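Worth saying up front: this structure is predicted, and the values here are computed from it rather than measured. Remember, it's 1-based here, ligands and their atoms both numbered in the order they're listed.
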Amino acid sequence: MPSEESESKYRRIEDLPSVGPSTADKLRELGFHTVESLAMATIRELVQAGIGEKRAFEIINAARASSSLSFIRADELIAKRQNILKLTTGSKKLDMLLGGGIETQAITEFYGEYGSGKSQIAHQLCVNVQLPLERGGLDGGALYIDTENTFRIERISQMAEHVGLDPQEAFKRIILAEAYTSDHQIFLLENADRIIKENNIKLIIIDSLTAHFRSEYIGRENLAERQQRLNQHMHKLIRLARAFNAVALVTNQVMSSPDVFFGESVRPIGGHIVAHTSHTRIYLRKAGRGPVRIARLVSSPYLPEGECVFRITENGIEDVEEDERR
Ligand code: ADP
Ligand code: MG
């Protein structure tokens, strides 16, 4: 089955009717480098570039017609659903909890305290995404937007070797982007579409989604603006994941929640916006002092809540041997 990208009638944004060279430059400045991203754009976004409303409408429609992303018959929807791929985490139990792995075309959020294993999972997925489909990979590359200077190449090397990949080759399929502020983080994602296309990126990671937002927008009076920016950012992410049939993975910190007396005493940052935009949410916590972690599926579009354990070792994310649980 041909992919969406190869079905496109127009290959470059200049090829679209009513996009001349200067409009193309304006669009690129706004972060629209591909026909796919224009198909997902809103008129308002293009008007910001000084493009008239009528033309913005034409451009978006032409891009949509070209990449067949707008109207869809129910039987085609099934075909699109069938295009959804699943990426293995490295742990069979965790994959099972997630219904077979982490889905493309959706946002999956791992949240938990410092050291709970969020970034370790992100690293593992950067390696696993490179594996062929029959091994649970997506035969693609990873884009890692790192906001906390967390990415460690040595860790990739260990994990790659363990699954039988040449570390030097594995490094070449991971694109790193360090985000210094929340604005910079937004800018990087806004401009990611070309990199995603050119590098066959099948995994987009934002680690951490919320850290910059949390430290920059302090005080009640800034909360509304923070939430609006976060909302836009996550919608950009979901549009990219859909356009390129990629996994979108975000990590999130937790804060203690004094109003909860029973059950979990922590909750993820970002409130309703992050909660409603993440399709699948997993809460990670330590099980004692060792390498074992507990993953709880907190919300999913169609899977029941549940828990499993896995462990983090030198080799990466693995299943726990039965006698090692505590
Ligand atoms: P966070 O949730 O804050 O992102 P991390 O994913 O960075 O947490 O997890 C850090 C933990 O992962 C460490 O505390 C350690 O338990 C484990 N870890 C990291 N590297 C290794 C390694 N090379 N071998 C074994 N465990 C490791
Ligand atoms: Mg981390």
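Glu113 counts as a contact of ligand 1, since one of its heavy atoms falls under 4.0 Å from the ligand. Every heavy atom of Gly112 sits 4.0 Å or more from the atoms of ligand 1.
Given atom 6 (O) of ligand 1, the protein heavy atom at minimum distance is Gln120 N, 2.8 Å. In terms of protein heavy-atom proximity, atom 2 (O) of ligand 1 is nearest to Lys118 NZ, 2.8 Å. Here the protein heavy atom with the shortest distance to atom 3 (O) of ligand 1 is Gly115 N, 2.7 Å. Closest to atom 7 (O) of ligand 1, if we only count protein heavy atoms, is Ser119 CB, 3.9 Å. Arg293 NH2, 3.8 Å is the protein heavy atom nearest to atom 11 (C) of ligand 1. Protein heavy atom closest to atom 20 (N) of ligand 1, with residue, atom name and distance, is Arg155 NE, 3.5 Å.
In Thr313, the part holding a heavy atom less than 4.0 Å from any atom of ligand 1 is the backbone.
Cluster membership check: Leu284 shares its hydrophobic cluster with Met159, using side-chain heavy-atom separations under 4.5 Å among Ile, Leu, Val, Met, Phe, Trp and Tyr.
Atoms of ligand 1 found under 4.0 Å from any heavy atom of Gly117 (numbered from 1 in listed order, with element): 1 (P), 2 (O), 5 (P), 6 (O), 8 (O), 9 (O). Of all atoms in ligand 1, numbered sequentially from 1 with element shown, those under 4.0 Å from a heavy atom of Tyr114 are 3 (O). Those atoms of ligand 1 that come under 4.0 Å of a heavy atom in Gln158, given as number and element, are 23 (N). For ligand 1, the atoms closer than 4.0 angstrom to any heavy atom of Glu314 are 23 (N), 24 (N), 25 (C).
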Could you go through residues 132-144 and list every donor-acceptor pair under 3.5 Å that involves a side-chain atom there, pairing it with any protein atom two or more places apart or in another chain?
{"from": "Arg135", "atom 1": "NH1", "to": "Val163", "atom 2": "O", "distance (Å)": "3.2"}
{"from": "Arg135", "atom 1": "NH2", "to": "Val163", "atom 2": "O", "distance (Å)": "3.1"}
{"from": "Asp139", "atom 1": "OD1", "to": "Arg173", "atom 2": "NH2", "distance (Å)": "3.4"}
{"from": "Tyr144", "atom 1": "OH", "to": "Asp207", "atom 2": "OD2", "distance (Å)": "2.7"}

Please set out all donor-acceptor pairs under 3.5 angstrom arising from side-chain atoms of residues 95-107, sequence neighbours excluded.
{"from": "Asp95", "atom 1": "OD1", "to": "Thr89", "atom 2": "N", "distance (Å)": "2.8"}
{"from": "Asp95", "atom 1": "OD1", "to": "Thr89", "atom 2": "OG1", "distance (Å)": "2.8"}
{"from": "Asp95", "atom 1": "OD2", "to": "Thr88", "atom 2": "OG1", "distance (Å)": "2.5"}
{"from": "Glu103", "atom 1": "OE2", "to": "Tyr302", "atom 2": "OH", "distance (Å)": "2.3"}
{"from": "Thr104", "atom 1": "OG1", "to": "Leu85", "atom 2": "N", "distance (Å)": "2.9"}
{"from": "Thr104", "atom 1": "OG1", "to": "Asn245", "atom 2": "OD1", "distance (Å)": "2.6"}
{"from": "Gln105", "atom 1": "NE2", "to": "Asn245", "atom 2": "OD1", "distance (Å)": "3.0"}

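A salt bridge between Arg28 and Glu14 is present, with a side-chain N of the basic residue lying under 4.0 Å from a carboxylate O of the acidic one.
The Mg ion (ligand 2) lies at 2.8 Å or more from every N, O or S atom belonging to Thr251.
A donor and an acceptor atom, one from each side chain of Gln227 and Asn231, are nowhere located under 3.5 Å apart. Checked by atom type, the side-chain pair Thr23/Arg55 shows a donor-acceptor distance below 3.5 Å.
Note: no N/O pair closer than 3.5 Å links Ile121 and ligand 1 by distance alone. In terms of polar-atom proximity, defined here as any N/O pair under 3.5 Å, Ser116 does make such a contact with ligand 1.
Of the listed residues (Lys118, Arg267, Arg214, Glu109), just one forms a side chain to side chain donor-acceptor pair (under 3.5 Å) with Asn252, and that residue is Glu109. None of Glu36, Glu45, Glu190 except one satisfies the salt bridge (Lys or Arg N to Asp or Glu O under 4.0 Å) rule with Arg239; the exception is Glu45.
The aromatic ring centroids of Tyr180 and His212 lie 6.0 Å or more from each other.
In this structure, the side chain of Thr251 does not engage the main chain of Phe110 through any donor-acceptor pair within 3.5 Å.
Which of Asn315, Asp207, Ile312, Ile317 comes nearest to atom 26 (N) of ligand 1 through a heavy atom is settled by distance: it is Ile312.
Within the 4.5 Å cutoff, the side chain of Leu297 has heavy atoms near those of the Leu303 side chain.
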